[in-house]
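To start, the structure itself, in structure tokens.
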Amino acid sequence: MPIFTKKFSGSMSGPFIYSMDSIISVIQKGVGKAFKSLYQQELDETQVLVQVTRKEFEGDYTIVVFPLTRLTGKKPDELAQELGNFLVNELEEISAFNVIKGFLNLTVANVYWGAFLQEVGKLAHYGQFPPNGHKVMVEFCSPNTNKPLHLGHIRNILLGWSCARILEAAGYEVVRVQVINDRGIAVCKSMVAWQDYGNGATPESTGIKSDHFVGEYYVEFEKRLQPEYKTWQASEAGQQVYREKAKEGQSPEAFFKAFKNQYVNEYSELGKKASDMLLRWEAGDPETVALWKKMNGWVYEGFEQTFKDLGVRFDKLYYESETYLLGKDLVEKGLNEGVFYRQDDGSVWADLSGIGMDPKIVIRSNGTSVYTTQDIGTAHLRYQDFGVDKMVYVVADEQNHHFQALFEILKRLGEPYAEGLHHLAYGMVELPEGKMKSREGTVVDADDLIAEVIEEARLNASERGEVAELSAAEQEMIIRRVGLAALKFHIIKVQPKKWMTFDPKESVDMQGQTGPYIQYAYVRINGLINRARREGIDFATGSAYLDFQPAERELLQQLYQFPDTIQEAAMGYDPSTVANYCYSLAKAYSKLWHDLPVFNAEDPAAKAFRLQLSRVTGDVLRFGMDLLGIQMPEKM
RNA sequence: GGCCUCGUAGCUUAAUGGAUAGAGCAUCUGACUACGGAUCAGAAGGUUGAAGGUUCGACUCCUUCCGAGGUCACCA
């Protein structure tokens, strides 16, 4: 059967990926040949629309012939019939066809599917593409150091991590980084509160997780500020400001709510303490810097634990305290090259009217730099550090405007990586009650949430007892994996750009379209494979089995889609694509499990084939879920 | 106000311009003396926010409108 050896040694062949010419391109080429031979017409084959046949119809792949009719002047059904005949005669891969309302459904020969499975079965990492020579940086998480991580960070972290893994699978070399906002007024508030009200307490002395410990002092600051502000509002000074600055008909409540920031900056004693702290920090006062280092150290220790719990790590951390002065020299250079212009007051701007945006300031009139300037410098620094040709910023969509401006400026500055910049903008996470608001205490804490899903998994496990005979440590690992799978999958199955409503009750679901459902399919497979290995069954002997049942065909088709799915997810920076694929594959396997006996199959070839099919499915599920940052348990 | 995003079943959501809009949850009904029932099968649930337009064909593209949100800082 020479056709198969030819197909299996395509130009992309490597140690990792299954690489025969895709069936779709085989079909497309066949259609091109048909047009030449039947109608004497040249055709752009890539324009032929080939898609997976919908379940309710007979066949594996479908050609939509409508767009082709105007080239021949034939009716859709007639053209489809002629093409179908031609393809079945000419292509060994195609064994049958049928035509329904202008759709040409093609059936792929069983022998082709059978060979596909055997070939994939030999690969160590089906779906992993060979290195493509490109290097990409993914920035994600990037928290402030005054508070612990919350639900929003979790979505960010999961998206960033998964995106990085998917790019790796697609052949990129990936560098994971984050920028930690370790300076500024917010951090100073925590410092002031700890200094004044902490009485020397430490995370160790209180037994509180260290980032939460620091967060409590941030809250403490706000708590102390409130009565101070109330008192001031009632005072003559406060009333005078209200009379002078309130808009016509604005109630005191509304005015003072809006005025709060200004109050803290200009009138508050506590606020003054914080801004003094910031000034001392900027001046490099040793005592202040020591305090800052101590408290940030606590925060990092806590963050590190959360990252570990979530199973993520970074290659390099950038700190704003080290990068916030960067970018000014690049602005200076851009100024000389006409990329920016200086106003009379000394401030420097970028004119972005060319892309329909308002002017963007990059240097204040007092000569200091802004956020955008800093990001310009950081991007440049990163390029120097790693030489990446792509940079992906995983940041909430509230910063769309900022990144649009930043990318445009970097482009105009002629930065070498400028064409490879991408803002992976994700939607905010809301609760069923509405937005999370730290002031109202409705923020879902990351550590609490993780603990909660694990407890839920523990409850579920105790109701079953399959893992009861395992050691405590093994049980604990399984419970963690199951709980985290529920949480992670629940978040990552939603397209990044969509705002999502996070219902804690649904996030711990373990049935239906969930992480544990997929894990369960894997665990079943694992049980079968272990038994087969104990009995020394050779899966390759399944190649003799070719009379596929519908459930087997469905699974083969889906397995075949895996590399394309990874490419699609990588190009679209969209992990939800992989999540949905994994679910769909697990569902197809559950169906097969129900419909057909595997170990007790009708004959040895069928048994070996189904074991091989199961094993490959298990491998793909494990690899696919790993791309989402989800670990598989061996039992559950 | 300018720019941008979103609107799909009660809820959470899927669908490179293609066939009867696909799942899960919740509700109801079935299926374990076959390899793990965290499963499978079935029922019910939709004028895809509204109205036009382009197209052989529109959830998808265009226009207008309605609704929700974001952003337009010498904040980060």
Side-chain angles (χ1 to χ4, degrees), chain A residues 49 51 53-57 62 64-67 69-70 76 100-103 105 142 144 179 181 183-186 261 320 324 343 345-349 356-358 360-372 374-375 396-402 404-405 425 427-428 430 432 435 457 460-461 463-464 466 482 486 490 493-495 497-503 505-507 509-521 523-528 531-532 568 572 576-577 580 583-584 586-587 590-601 607 610-611 614 635-636:
Chain A
L49 185 61
Q51 56 196 29
T53 303
R54 294 176 63 118
K55 268 193 189 145
E56 59 266 38
F57 300 102
T62 295
V64 184
V65 301
F66 294 102
T69 54
R70 66 175 58 119
I100 299 171
K101 295 203 296 185
F103 293 87
N105 301 318
S142 302
N144 299 339
V179 181
N181 179 13
R183 58 179 277 278
I185 193 72
N261 268 342
E320 272 198 20
Y324 79 109
Q343 249 175 226
D345 63 2
S347 57
V348 178
W349 300 73
M357 293 178 75
D358 294 333
K360 188 81 195 166
I361 191 163
V362 289
I363 300 285
R364 296 188 186 102
S365 51
N366 67 7
T368 58
S369 60
V370 297
Y371 184 46
T372 305
Q374 194 185 129
D375 271 2
D397 63 8
E398 62 187 351
Q399 294 198 38
N400 283 352
H401 184 263
H402 164 70
Q404 216 182 329
M428 299 288 199
E430 295 182 301
K435 271 192 144 175
N460 271 281
E463 282 172 9
R464 296 171 211 282
E466 274 88 357
V482 172
H490 184 252
K493 72 179 180 186
V494 180
Q495 288 176 3
K497 75 170 178 182
K498 298 231 174 173
W499 280 48
M500 66 178 291
T501 307
F502 182 91
D503 187 338
K505 285 199 295 290
E506 287 177 7
S507 73
D509 267 351
M510 314 225 164
Q511 289 169 7
Q513 195 176 24
T514 67
Y517 171 94
I518 299 166
Q519 290 178 319
Y520 185 65
V523 164
R524 283 168 148 181
I525 291 169
N526 195 50
L528 280 182
R531 186 172 160 196
E568 189 187 332
S576 75
T577 310
N580 288 318
Y583 171 67
S584 167
K587 196 169 143 80
S590 293
K591 169 79 170 153
L592 177 129
W593 177 282
H594 180 266
D595 288 0
L596 301 169
V598 176
F599 223 90
N600 309 318
K607 175 174 171 178
R610 284 176 201 153
L611 283 167
S614 300
K635 296 180 177 178
M636 64 191 281

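Here is how names work: the chains are called A, B, and so on, in the same order as the sequence lines, proteins then strands, and each is numbered from 1. On a predicted model such as this, the values are computed, not experimentally measured, just so you know.
- Within the nucleic acid shown, A:Leu596 comes within 4.0 Å of at least one base atom, counting heavy atoms only.
- Put simply, the side chain of A:Arg54 and the base of B:A19 share no donor and acceptor less than 3.5 Å apart.
- Ring-to-base geometry places A:Phe103 in a stacked arrangement with B:A19 (centre distance under 5.5 Å, plane angle under 30°).
- Considering only the side chain of A:Pro67, B:G18 comes nearest among B:G18, B:G7, B:G37.
- Within the 3.5 Å criterion, the main-chain N or O of A:Ala586 finds a donor-acceptor partner in the side chain of A:Ser590.
- Both thresholds, 5.5 Å between centres and 30° between ring planes, are met by A:Phe57 relative to the base of B:A19, so the two rings are stacked.
- A:Lys435 comes within contact range of the sugar-phosphate backbone alone, with a heavy-atom separation under 4.0 Å but no base atom that close.
- Here the nucleotide nearest the side chain of A:Val64, chosen from B:G18, B:G70, B:G36, is B:G18.
- Between A:Tyr583 and B:A23, no base-stacking contact is recorded for ring centres under 5.5 Å apart and planes less than 30° from parallel.
- A close approach under 4.0 Å does occur between a side-chain nitrogen or oxygen of A:Lys101 and OP1 or OP2 of B:U20.
- Looking at A:Ser576, its side chain has no donor and acceptor atom pair within 3.5 Å of the base of B:A14.
- Here the side chain of A:Tyr517 is nearest to one of B:U39, B:A76, B:C74, namely B:U39.
- For A:Asn580, counting side-chain heavy atoms from C-beta on, the closest listed nucleotide (B:A14, B:G36, B:A19) is B:A14.
- Under 3.5 Å, the side chains of A:Thr514 and A:Asp509 contain no donor-acceptor pair of N or O atoms.
- Nucleic acid contact class of A:Met357 (heavy atoms, under 4.0 Å, all strands): none.
- You'll find a donor-acceptor pair under 3.5 Å spanning the side chain of A:Ser365 and the base of B:C74, going by distance alone.
- Comparing atom distances between the A:Val482 side chain and each of B:A38, B:C40, B:A34 picks out B:A38 as nearest.
- Ring centroids of A:Phe103 and A:Phe66 are separated by less than 6.0 Å, placing the two rings close together.
- Scanning atom types as modelled, one donor and one acceptor separated by under 3.5 angstrom connect the side chain of A:Asn105 and the base of B:A19.
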